[in-house]
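This report refers to the structure that appears directly beneath it.
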Amino acid sequence: GGSSVDAMAFVNTKAPDKGSLKITKTVAGVRDWDDVKSTITFTVKGPEYASETNGQKTFTSTDFPSGTLELTDILVGDYTITETKTDIDGVTVTTTYTVNSGNPTTGSSTTCAVAKGSTTTVAFTNTYAYKPVDVTLKATKTLTQNGQQISMTANQFSFKLTDVTDSSNPVDKGTAYNTVDGDVTFSKLSFDKVGTYKYTVEEVNGGDTTITYDTTKYNVEIVVAEDATGALKATTTMTKVGGSSVDAMAFVNTKAPDK
């Protein structure tokens with residue numbers, strides 16, 4: 001059924017070498033897989049996908065039942081796996097990966113080899129943490145004499161903030177001083193965990209015998225919880241020790257009349 005030839009030739013075709021690539025996704029911290037899976041995609045670039053756009057294929061969470069994607073019977077060679085994430089309100093994320101159970105490396109992309117007849121496993125882990133919420137506690141200071149408010153100097157009076165969340169182990173959180181206008185501002189408190197935090201605020205007796213120092217002590221409770229967006233929100237309440245709740249902390253000192 002053909003033409004004459006000068007020589008007889010036979011050509012056999014060998015099937016290309018194949019291997020497998022397994023990609024796993026673990027989510028840790030304050031979010032779980034169901035929370036974040038819609039924000040994560042993977043691109044896999046390598047010989048198997050040479051005919052795809054940019055030589056790579058994109059996979060989404062629907063390709064990851066239970067957080068695992070198995071690419072079996074793919075051409076051997078080097079593959080680059082890259083995770084892409086969109087931001088989630090209120091949290092930060094750190095991504096690490098391992099190749100074939102090696103040491104964890106921080107990053108969202110790696111290149112590894114797929115060898116004939118074997119499976120290369122790349123494991124990505126995302127650890128989510130809350131973005132901190134800050135609270136700055138403030139108070140006011142007034143100095144009176146003969147029933148009238150009088151001026152004061154900056155840093156004339158000092159005020160102590162104590163963390164009493166663990167009542168058996170109070171922690172000094174610093175000292176604040178008044179301005180000439182009577183403003184008292186403590187260093188900011190930063191919270192990255194849900195919980196209830198308790199503090200006390202009181203004036204330090206400066207030892208001036210001509211001044212009667214305010215002995216009022218305030219309890220401050222800060223409740224940190226997730227808001228509707230998933231970010232942390234802090235709610236602060238203040239109460240006079242032995243008294244009722246207040247909207248602001250105020251300290252009034254009295255200077256003895258001049259004689």
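The basis for the numbers below is simple: all heavy atoms, side chains too, and nothing from hydrogens, waters or symmetry mates. Just so you know, residue 1 is the first one in the sequence shown, and it goes up from there.
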* Presence of salt bridge, Asp73 and Lys18, under 4.0 angstrom -> yes
* Asked: For Thr60, which residues count as a side chain to side chain donor-acceptor pair (under 3.5 Å) partner, sequence neighbours excluded?
  -> Thr62
* Going by distance alone, is a donor N or O of one side chain under 3.5 Å from an acceptor N or O of the other, for Thr254 and Thr212? -> no
* To do: Could you check if a side-chain atom of Thr185 sits within less than 4.5 angstrom of a side-chain atom of Thr136, using non-hydrogen atoms only?
  => yes
* To do: Keeping to residues at least two apart or across chains, list the ring-ring contact (aromatic ring centres under 6.0 Å, His included) pairs with something in residues 28-55.
  => Phe42-Phe64, Phe42-Phe124
* Check: Arg31 and Val91 side chains under 4.5 Å, non-hydrogen atoms -> yes
* Structure fact -> Given the options Thr41, Thr43, Leu71, Phe59 meets side-chain contact (heavy atoms from CB on, under 4.5 Å) only with Leu71
* Is there a donor-acceptor contact under 3.5 Å linking the side chains of Thr24 and Thr68? -> no
* To do: State whether a side-chain donor-acceptor pair under 3.5 Å links Lys25 with Asn126.
  => yes
* To do: Indicate yes or no: at least one non-hydrogen side-chain atom of Tyr199 is less than 4.5 angstrom from one of Lys173.
  => yes
* Asked: How far apart are the C-alpha atoms of Glu203 and Lys160, what are their side-chain angles, what is the distance that settles it, and do they pass the salt bridge (Lys or Arg N to Asp or Glu O under 4.0 Å) test?
  -> CA-CA 6 Å; Glu203 183 172 0; Lys160 182 173 66 172; over 6 Å; no
* With distance as the sole criterion, is a donor-acceptor pair present between the side chains of Ser190 and Asp134 under 3.5 Å? -> yes
* **Partners passing side chain to side chain contact (heavy atoms under 4.5 Å, CB included) against Ser38 (at least two apart in sequence or in another chain)** => none
* Asked: Parallel, tilted or perpendicular: which fits the ring planes of Phe251 and Phe159, with parallel below 30° and perpendicular above 60°?
  -> tilted
* Asked: Quick check: are there more than 12 heavy atoms from other residues, nucleotides or ligands sitting under 6.0 Å from NZ of Lys85?
  -> yes
